[in-house]
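Shown next, in structure tokens, is the structure this report addresses.
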Amino acid sequence: MGKNVAKPLIFAVSGYKNTGKTTLIQKIIPILTEKGYAVAVVKHDGHEFESDVPGTDSYKHQKAGAYGTAVFSGDQFLVTKRIPEVTVEMLFPFFPEADIILLEGMKDSDYPKYVCTSPEENAAPEEVAEQILGWYRKREDVSEEHISENSKKSDIVS
């Protein structure tokens, strides 16, 4: 599953509301997964949202006052937890298998990003996927340089 041997690449698809972020991400994911990359998505919601499905037991537990609920089955889980402040970085550890974590939103972040302007003007999904893979490869090059430098140092020490 995936190619990740280090931390995942974090890449944001940003823009204002109704600029095509979700649609673009939906089209990028299969391009990356077909190339063998494990992809996760973290969506920022600037408003309060309903974190569970109304009518389910876990929803009822939450509405009864539980600060956290969890639901799981054989191969997936859902955790809902209320805390004073959530940062995007707090969510990354949930995806240790990911090669690439796409962020939907986060336009003010320092992560590499593609900024959507409108569904009609956005770059083709293949172009954005190639930008993402460029960042991924750049990160791999840096890791290889680091490994090479460390092996040179160990050769000197030996």
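Bear in mind that the values here come from a model prediction, so they are computed numbers and not experimental data. Start at 1 with the first residue, then count along the sequence.
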Given Tyr59 and Thr69, is the side chain to side chain contact (heavy atoms under 4.5 Å, CB included) satisfied, shown in steps?
CA-CA 8 Å; Tyr59 178 85; Thr69 62; over 6 Å; no

Donor-acceptor pairs are to be reported for all side-chain atoms of residues 115-122 against protein atoms at under 3.5 Å, with residues two or more places apart or in another chain.
unit_1	atom_1	unit_2	atom_2	d
Thr117	OG1	Glu121	OE1	3.4
Ser118	OG	Glu120	OE1	3.4
Ser118	OG	Glu121	N	3.2
Asn122	OD1	Thr117	N	2.9
Asn122	OD1	Ser118	N	3.4
Asn122	ND2	Thr19	O	2.8
Asn122	ND2	Ser118	O	3.2

What's the spacing between Asp99 CG and Leu32 CG if we round to 0.5 Å?
9.5 Å

How would you list, by chain and number, every residue that makes a side-chain hydrogen bond (donor to acceptor under 3.5 Å, both in side chains) with Gln76, sequence neighbours excluded?
none

Glu34: which residues meet the side-chain hydrogen bond (donor to acceptor under 3.5 Å, both in side chains) condition with it, sequence neighbours left out?
none

Would you kindly confirm whether Ile132 and Ile31 end up in one hydrophobic cluster when ILVMFWY residues are joined by side chain heavy atoms under 4.5 Å apart?
no

Quick one: NZ on Lys27 to CD on Glu126, what's the gap to the nearest 0.5 Å?
9.0 Å

Are any non-hydrogen side-chain atoms of Val42 and Ile101 less than 4.5 angstrom apart?
yes

Mind listing the closest non-hydrogen atom pair of Glu97 and Ala38 along with its distance?
O-CB, 3.6 Å

Candidate pair Val13 and Leu103, rule side chain to side chain contact (heavy atoms under 4.5 Å, CB included), full reasoning
CA-CA 6 Å; Val13 176; Leu103 306 179; over 6 Å; no

Mind checking what makes salt bridge (Lys or Arg N to Asp or Glu O under 4.0 Å) contact with Glu130, not counting sequence neighbours?
Arg137

For Tyr111, which residues count as a side-chain hydrogen bond (donor to acceptor under 3.5 Å, both in side chains) partner, sequence neighbours excluded?
Glu89

Spacing of OH belonging to Tyr37 relative to CD1 belonging to Ile28, to within rounding of 0.5 Å
14.5 Å

By side-chain contact (heavy atoms from CB on, under 4.5 Å) - contacts of Glu85 (at least two apart)
Thr87

Run the salt bridge (Lys or Arg N to Asp or Glu O under 4.0 Å) test against Lys81 and tell me which residues pass, sequence neighbours left out.
none

Set of side-chain contact (heavy atoms from CB on, under 4.5 Å) partners for Val79, sequence neighbours left out
Ala70, Phe77

Taking side-chain contact (heavy atoms from CB on, under 4.5 Å) as the test, write out the residues that go with Val41, two or more places apart.
Ile25, Ile29, Leu102

Of all the heavy-atom pairs spanning Trp135 and Pro112, show the shortest one and how long it is.
CE2-CB, 3.4 Å

Side-chain contact, heavy-atom cut-off 4.5 Å: Val88 with His44?
no

Measuring from atom CD of Gln62 to atom CG of Asp57, what distance do you get when rounded to the nearest 0.5 angstrom?
13.0 Å

Ile100 and Pro8: which non-hydrogen atoms are nearest, and at how many Å?
N-CB, 4.2 Å

Determine whether the aromatic ring centres of residues Phe11 and Tyr136 are separated by less than 6.0 angstrom.
no

Find the distance between OG (Ser14) and CG (Asp108) and round it off to the nearest 0.5 Å.
8.5 Å

Sequence-distant partners of Lys43, side-chain contact (heavy atoms from CB on, under 4.5 Å), two or more places apart
Glu104

Apart from Met90 itself, what residues make up its hydrophobic cluster, given side-chain heavy atom links below 4.5 Å?
Ile83, Val86

Main chain of Tyr16, side chain of Lys21: is a donor-acceptor contact present, judged purely on distance under 3.5 Å?
yes

According to side-chain hydrogen bond (donor to acceptor under 3.5 Å, both in side chains), who are the partners of Ser109, at least two apart in sequence or on a separate chain?
none

Do Thr80 and Ser58 have side chains that approach each other closer than 4.5 Å (heavy atoms only, starting at C-beta)?
no

